[in-house]
Amino acid sequence: MIKAVTGTRDILPNDIPKWNFLLSIVESVFSQFNYKEIRTPIFEETSLFARGIGEATDIVSKEMYTFIDRSGDSITLRPEMTAGVVRALIEHSLDKKQNLNKLFYAGPMFRQERPQAGRFRQFHQFGAEALGSNDPLLDAEMIIMAYDIFIRLGLKNLIVKINSLGVPESRENYKKVLRQYVEPHLNKLSSESRKRFDTNIMRIFDSKEEIDQRIMENAPLLIEFLDDESLQHFEKVKQTLLSTKIPFEVDTKLVRGLDYYTHTTFEIVSGSVGSQSALCGGGRYNLLVKELGGSETPGVGFAAGMERILLACENEKSFLLNNEKIDLFIVTIEKGLEKFTYQTAIDFRRKGLIVDLDYSSRSVKAQMREANRLNAKYVLFIGGEEFSKGEIVLKNMSKSEQKNYSKNDLDQIFASIKEK
RNA sequence: GUGAGCAUAGCUCAGUUGGUUAGAGCAUCUGGUUGUGGCCCAGAAGGUCGUGGGUUCGAUCCCCAUUGCUCACCCCA
């Protein structure tokens with residue numbers, strides 16, 4: 001049996017209503033904030049991600065789906081959306097046409113990681129990017145939109161974490177000092193953290209090892225190294241969140257794994273999913289557009305994982321979708337009337353009803369069971385005595401009442417079905 | 001990439017301290033008087049017990065390998 005490739009999943013008909021429900025809320029919140037949808041290709045030139053996300057990041061160094069196409073070009077399935085959106089902005093000079101572009105998107109992303117609860121190789125994200133302004137209101141706006149979407153989905157158990165990375169210079173200064181602090185303790189650290197010393201020193205703060213935590217207790221914090229402008233920016237973000245009543249905590253250890261962040265970074269985590277608990281993450285990236293060959297354009301954005309959100313909804317039983325109904329099921333009582341039955345179904349469908357019927361000439365009882373299984377509001381019986389008198393029978397399933405109509409008077413039948 | 005756990009019907013799971021015809025619930029199908037659902041009742045269909053090897057008179061069960069899945073680490077949505 002051929003199965004879906006590791007880390008990919010089929011979204012079966014039963015799940016589609018949940019996805020559509022989620023998307024409808026996403027679209028509604030983003031359009032209330034006047035963000036416009038953008039769709040970019042699922043694959044891009046590999047160098048876009050290498051330059052945009054950063055060669056040294058985990059995503060680029062070990063997670064990308066990269067292949068050489070038939071013309072010899074290196075192509076990569078997008079692991080995230082920001083790089084593609086920025087590329088499109090530059091390519092189409094969107095930044096020249098208006099000074100602020102507020103954009104949103106939703107679609108599949110690809111990363112070759114080991115699958116786990118809430119993590120897949122093909123997964124779906126929605127997100128937003130605001131390009132062209134350094135206003136901290138926009139940083140806050142990203143968090144507000146994400147939070148609003150989660151609240152409208154009925155999610156509880158959320159924690160908003162924010163931090164500021166400042167500008168690259170102060171971050172580099174800080175890392176230097178941190179390295180000096182950690183170095184004398186290096187041989188006491190866990191092996192994991194010793195690795196982090198070289199790769200991503202700030203991650204040592206995240207370690208679950210008690211020894212590491214004790215050593216890091218008195219370590220200098222990034223926030224002490226931020227310049228005044230960065231601090232003011234961060235202050236303004238926090239104030240905006242306070243005044244809009246978004247509960248948050250400052251997490252000075254919150255570092256994100258993409259190179260392009262400056263100033264604000266944030267994450268919203270859920271306690272209702274497994275260990276991959278970040279439902280969304282994002283931040284400001286004032287250097288990215290220029291890095292990708294555009295003019296100096298500040299930006300801020302976030303991305304949210306749809307599988308994780310739906311998992312949280314499921315675990316919290318936050319939304320209950322009423323089971324789907326069809327308007328009409330047509331039961332054929334005797335053989336030989338299939339043509340009339342089928343035509344009747346088509347006629348009602350063209351009037352706008354959801355109609356189904358039996359396709360394998362089964363018994364009336366079997367057809368009724370089918371009608372019941374499909375949650376039909378009405379059943380129309382065609383055939384038998386009534387039909388020979390020119391009549392067909394309409395049954396209201398919930399009331400269990402039925403009534404005869406002339407077989408030519410479809411308008412009247414339609415009217416009684418619609419009446420309800 | 002690393003580690004642990006799991007693999008029996010479409011689904012959720014029993015089970016055999018190795019013995020002949022492998023079970024349940026749900027779902028599916030048929031029927032319960034000739035043409036009417038949901039509840040109930042009766043019956044049917046459905047399994048090379050993940051795959052390959054080994055031990056044994058005999059393996060679904062024990063051993064080895066392999067594949068897949070799950071969870072966790074790393075990292076991230």
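Proteins come first, then strands; the chains are lettered A, B, ... in the order of their sequence lines, and each starts at number 1.
In this structure, A/Lys3 places its NZ atom 12 Å from C1' of B/rU70, rounding to the nearest Å. Per the geometry, CD belonging to A/Glu267 stands 11 Å off C1' belonging to B/rC75, to the nearest Å. Taking atom CZ on A/Phe120 and atom C1' on B/rC69, their separation rounds to 12 Å, with Å as the unit. Taking atom NZ on A/Lys62 and atom P on B/rC74, their separation rounds to 10 Å, with Å as the unit. In this entry the distance linking CZ of A/Arg9 with P of B/rA77 reads 18 Å, nearest Å. Regarding A/Arg114, its CZ atom lies at a distance of 12 Å from the P atom of B/rU67, rounded to whole Å. In this structure, CZ of A/Arg194 is placed 17 Å from C1' of B/rC73, rounded to the nearest angstrom. Counting to the nearest Å, the P atom of B/rA77 and the CD atom of A/Gln112 are 18 Å from each other.
A side-chain N or O of A/Asp212 and one of A/Ser190 form a donor-acceptor pair less than 3.5 Å apart. For A/Arg152 and A/Ser28, the side-chain atoms include at least one donor-acceptor pair closer than 3.5 Å.
Taking only side-chain nitrogens and oxygens, A/Ser275 never comes nearer than 4.0 Å to OP1 or OP2 of B/rC71. Within the structure, a side-chain polar atom (N or O) of A/Gln116 is placed less than 4.0 Å from OP1 or OP2 of B/rA72. When the side-chain nitrogen and oxygen atoms of A/Gln276 are compared with OP1 and OP2 of B/rC73, one or more of them lie within a distance under 4.0 Å.
Rounded to a whole angstrom, the distance from the P atom of B/rC64 to that of B/rC69 is 23 Å. Rounded to the nearest Å, the gap between the C1' atom of B/rC57 and that of B/rG52 is 23 Å. For the C1' atoms, the distance from B/rU28 to B/rG46 is 9 Å, rounded to whole Å. Spacing of P atoms, B/rA72 relative to B/rC61, comes out at 30 Å, to the nearest Å. Look at the C1' atom in both B/rU8 and B/rU51: the space between them is 15 Å, to the nearest Å. Comparing B/rA9 with B/rC73, their P atoms are spaced 31 Å from each other, to the whole Å. Comparing the P positions of B/rG58 and B/rA65 gives a spacing of 23 Å, expressed to the nearest Å. Comparing the same atom, C1', in B/rA44 and in B/rA7 gives a spacing of 29 Å after rounding to whole Å.
The distance between the ring centers of A/Phe387 and A/Phe340 falls below 6.0 angstrom. For A/His185 and A/Tyr181, the gap between ring centers is short of 6.0 Å. For A/Tyr35 and A/Phe104, the gap between ring centers reaches or exceeds 6.0 Å.
Residue contacts shown for A/Glu80 are absent, as no nucleic acid heavy atom lies under 4.0 Å away. Among the atoms of the strands shown, none is found under 4.0 Å from any heavy atom of A/Ala371. Looking at heavy-atom distances under 4.0 Å, A/Arg373 makes contact with sugar-phosphate atoms alone, never a base.
Residue-to-nucleotide proximity on RNA chain B shows that, of A/Pro115 and A/Arg196, the 5′-proximal contact is made by A/Pro115. With the nearest nucleotide of RNA chain B identified for both A/Lys399 and A/Ala4, A/Lys399 has the one nearer the 5' end.
Between A/Lys389 and A/Glu386, none of the side-chain N atoms (NZ, or NE/NH1/NH2) sits under 4.0 Å from a carboxylate O, so this pair counts as no salt bridge. Taking the charged nitrogens against the carboxylate oxygens, A/Glu316 and A/Lys156 have no contact shorter than 4.0 Å, which rules out a salt bridge.
Remark: side-chain polar atoms of A/Ser360 are not paired, donor with acceptor, to backbone N or O of A/Arg362 under 3.5 angstrom.
Using a 30° and 60° split on the angle between ring planes, A/Phe30 and A/Phe302 fall in the tilted class, from 30° to 60°.
Note that CD of A/Glu314 is 12.0 Å distant from CD of A/Glu307, once rounded to the nearest 0.5 Å.
Consecutive Watson-Crick or G-U pairs involving RNA chain B, each under 3.5 Å on both distances, make up stems of three or more pairs at B:1-7 with B:67-73, B:10-13 with B:23-26, B:28-32 with B:40-44, B:50-54 with B:62-66.
For A/Glu37, the CD atom is densely surrounded, since the number of other residues' heavy atoms within 6.0 Å is greater than 12.
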_For a quick check, with a 4.0 angstrom heavy-atom cut-off, what is the B/S/- contact string for nucleotides 31-36 of chain B, read 5' to 3'?_
BB--BB
